[in-house]
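In what follows, every chain begins at residue 1, and chains take the letters A, B, ... in the order their sequences are listed.
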Protein chains: 2
Amino acid sequence: MEESSAFARRAIERKRDGLALAAGEVEAFVRGYLADDVLEEQMASLLMAGCIRGWSDGEIDALTRAYVASGRVLSFAQLARRTVDKHSTGGVGDAVSLAVVPWVAACGVPVVKLSGRALAHTGGTIDKLETIPGLRTALSPEELSSIVASVGCAIGAAGPELAPADKRIYALRDRCGSVPSMGLIAASVVSKKLAGGADAIVFDVKVGAGAFMRTRAEAAELARTMVGLARRAGRSAVALLTDMEEPLGTRIGTGLEIVEALEFLRAGAASASDARFAACCEAVASAMLSLALGVPDEQAVRMLREARASGAALARFEAMIRAQGGDWASVLRMAPCAPSFDAAALRAGYLVRADVVGLGELAREVVAAGGPLAGLQVRARIGDRVEAGSPLVRVHGGSAAHALRAAELFEIGASAPPPRPIVYERIG
Amino acid sequence: MEESSAFARRAIERKRDGLALAAGEVEAFVRGYLADDVLEEQMASLLMAGCIRGWSDGEIDALTRAYVASGRVLSFAQLARRTVDKHSTGGVGDAVSLAVVPWVAACGVPVVKLSGRALAHTGGTIDKLETIPGLRTALSPEELSSIVASVGCAIGAAGPELAPADKRIYALRDRCGSVPSMGLIAASVVSKKLAGGADAIVFDVKVGAGAFMRTRAEAAELARTMVGLARRAGRSAVALLTDMEEPLGTRIGTGLEIVEALEFLRAGAASASDARFAACCEAVASAMLSLALGVPDEQAVRMLREARASGAALARFEAMIRAQGGDWASVLRMAPCAPSFDAAALRAGYLVRADVVGLGELAREVVAAGGPLAGLQVRARIGDRVEAGSPLVRVHGGSAAHALRAAELFEIGASAPPPRPIVYERIG
């Protein structure tokens, strides 16, 4: 204890003074922490020093390795094919995973997706899937493997056995003000993906009012850090910076986002799907496919469009839901619940801004009050011309008060803001 | 707990981002920590952020107030006179307190000196005093007050009831690499002086190879911080930057340093006292006297010289030792113990540098082995011309091996380095 305490102090002092730690030092520090030889306050002190001084690539690689080594590491080698995973940094109305996992699988690439729960104002894929009666997300590695082997894809909850050190250290950072450190955020995300065993990873880094990264510069830095980290760990990786200045899809909720994905996958209803949601799904899915197969993006897009038009993507979604124990008939019957209230524009003009965090938080409240088929349906997009009283959002399963609050989350101005792309940049 | 944790996190985040905390926030943070509502890791995180970002005057004032408020605050109002205290940042062969406390008291200013123990390579006044048979330093505030009322001065151990928050936080900083922060060091020192109740404080900030502050710039920053802090808390304060490129007095040990002070106070033996030690004592004592009485320095020096020449200072030392229970006859019999070994110069030349930390550590070992009258006696000064084999240090109560090690702690060069003053600068 004495000796390890002296070791910890020396490492903290070097970090405090702006020096980089050796990889072995970082790994020993984390191992010591997990063995309770390095104290909570020593880890907190080191993380704060790194939060202010920054981290070298070598330090973050070592930290990520230590996170991975702290738990179970999955392997899908028995599939004998390159698997792909994707990760969104979190947004509102972001049902992309639900749509792209079966879609990419329908093109012949096995997708083992490990997902998380809702965090702050953003939604979580696991919470959404669990609205399907019977569906299980707590899948053992063996189950994941066998489902992927039979239907080509699966979405499981990233369990506590993957990178448990990250979980403990994240809780410490949360208590101690050291959450916003690019290196630590990247290590946290990437360690779980590495432990999840995917050969290729696409990072969907959300940017804007509804994202954790508010600026392009921050998002690009995080994207570069994650891509570099994953590649140095021997995985294929690419990141897309995508827009989160307004909800991505038109539904915000849990079960309602299953509906969003379902509508998108139904080839015949293609035109009914929201254009921004569809564009984001296609960008993410084509990146996954080209990364896993090594084909050009245009070819990946052609393959994807064909799989959607043919109904193969929808069939793969159905197969996955059934394989995970979900009741497909229930999925087909899913629809927004009553009563519904429209949030009306307070005045005429152009929609210039949306309080996306506020919409995400409102949707969580409405779902908590009204159940899995409650939530928000976005009826106007930024740049749209609206008249006083025209509907902006429909609140399902909530109250008129929710609708009044929703109306105040939109800013209406005299002229339309410039249009924004869905994908700002591709990194890697 | 939840609420105080959120409060703590917000404060840490602001400090992390380089913002200054409000005074009330700092005080609440420390109070929360002492009540175990703010966690060890949260305090560690805040201190590391401040260690890197620095602290505002307002933050350090508030921290110091919180330290003081955590324990007992002494008051010597019943003496109805301004009391004075002094603090040395720690050196080797630094018996100044033992000499100046009775000396200043002999000039009519009550001195309530609260002292500490040896820290790292430096000596501690309490350890030195405790070599006197019968002498007690664990004095209650009432005892301190009554001794000062009757003999004019007392030297007590700064007990655990003074600023206990500082003690707990210092231990945390030591574990977590946040010791070297000017603001925290100043708060630690000044809080104990404020709790000790002195109206005027002289800081003797040591600079050089044997000091915690190695450079003039660091020492000046600490001095300015401590003086500002004490003044804003309503005390008179001044700091002297004094030399610690070599041991201050000629004796390094515990009981041997009592001998150093005694020799200095014996007016008749004035010429036998070391010139550097005498100069430092006079600078510190005159600063104490002029600060407490509001008289010019020259007048303070005249008063001091008279009190020393008349034997009043020595008499005051005797009275203080007796009042604290010490056996004065034993003090008069104190002399370096046998056997003694001379550390001889390894070659001819000029003494250019001394490893003062090494000498301090060696003295501690020799005392540990040989008892309170063991230690080192310095026989050559930096700048002295030495011949191969001429004595540099005499080791009392140790071994020939100690003397061999001592010889290696001196660097001998071809020419004498420029002379150094004792007092580099007066601040405040």
Side-chain angles (χ1 to χ4, degrees), chain A residues 1-21 25-26 29-30 32-34 36-55 120 168-185 212 214 218, chain B residues 1-21 25-26 29-30 32-34 36-55 120 168-185 212 214 218:
Chain A
M1 187 68 176
E2 266 312 300
E3 204 177 296
S4 77
S5 193
F7 153 76
R9 194 169 50 222
R10 276 195 307 275
I12 298 166
E13 286 167 355
R14 283 158 43 77
K15 194 72 215 158
R16 174 197 73 204
D17 296 340
L19 304 168
L21 303 185
E25 249 177 317
V26 173
F29 205 99
V30 175
Y33 176 66
L34 296 175
D36 294 328
D37 284 337
V38 169
L39 305 167
E40 293 286 338
E41 58 263 37
Q42 293 178 319
M43 181 57 94
S45 200
L46 181 78
L47 294 172
M48 178 53 76
C51 213
I52 298 175
R53 297 293 193 192
W55 304 94
R168 186 170 156 200
I169 288 173
Y170 185 86
L172 177 69
R173 287 164 56 206
D174 190 44
R175 291 197 297 280
C176 297
S178 45
V179 167
S181 169
M182 283 299 165
L184 299 180
I185 295 170
F212 291 108
R214 296 289 163 100
E218 282 177 299
Chain B
M1 186 69 177
E2 266 314 298
E3 202 177 298
S4 77
S5 194
F7 152 76
R9 195 169 50 223
R10 277 195 306 275
I12 297 166
E13 285 167 355
R14 284 159 42 77
K15 194 71 216 158
R16 174 197 73 205
D17 295 341
L19 304 169
L21 303 185
E25 247 176 317
V26 173
F29 205 99
V30 175
Y33 176 67
L34 296 176
D36 293 328
D37 284 338
V38 169
L39 306 167
E40 294 285 339
E41 57 263 37
Q42 292 177 320
M43 181 56 95
S45 201
L46 180 78
L47 294 173
M48 178 52 77
C51 213
I52 299 175
R53 297 293 193 193
W55 304 94
R168 186 168 156 201
I169 289 174
Y170 185 87
L172 178 70
R173 287 163 57 204
D174 190 45
R175 292 198 296 282
C176 297
S178 45
V179 167
S181 170
M182 283 300 165
L184 299 180
I185 295 170
F212 291 108
R214 296 289 164 99
E218 283 177 297

| query | Between A:R14 and chain B, which part of the residue has a heavy atom less than 4.5 Å away: side chain, backbone, both or neither? | reply |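 The answer is neither part of A:R14.
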| query | Is it the backbone or the side chain of A:L172 that comes under 4.5 Å from a heavy atom of chain B, or both, or neither? | reply |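 Only the side chain of A:L172 comes within 4.5 Å of chain B.
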| Top residue by heavy-atom pair count (under 4.5 Å) with chain A, among B:A11, B:G18, B:C51, B:P180? |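 Ranked by contacts with chain A, first place is B:P180.
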| Interface residue of largest heavy-atom contact number with chain A, from B:A49, B:S45, B:S178, under 4.5 Å |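 Maximum pair count with chain A is reached by B:S45.
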| field | Heavy-atom closest pair, residues A:R16 and B:G177 | value |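 Heavy-atom minimum between the residues: NH1-O, 2.7 Å.
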| Roughly how far, to the nearest 0.5 Å, is the CD atom of A:Q42 from the CE atom of B:M48? |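 Going from the CE atom of B:M48 to the CD atom of A:Q42 covers 10.5 Å.
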| field | Approximate separation, where rounding is to 0.5 Å, of B:M43 CE and A:C176 SG | value |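 One gets 11.5 Å once the value is rounded to the nearest 0.5 Å.
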| request: Mind checking side-chain hydrogen bond (donor to acceptor under 3.5 Å, both in side chains) for B:E40 and listing every partner two or more places apart, or none if nothing turns up? | output: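 Listed in chain order: B:Y33, B:R168, B:R175.
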| Considering residues at least two apart in sequence or located in another chain, which fulfil the salt bridge (Lys or Arg N to Asp or Glu O under 4.0 Å) criterion with B:D174? |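 B:D174 satisfies salt bridge (Lys or Arg N to Asp or Glu O under 4.0 Å) with A:R9 only.
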| chain B: which of A:I12, A:V179, A:I52 shares the most heavy-atom pairs with it under 4.5 Å? |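 Most heavy-atom pairs within the cutoff with chain B belong to A:I52.
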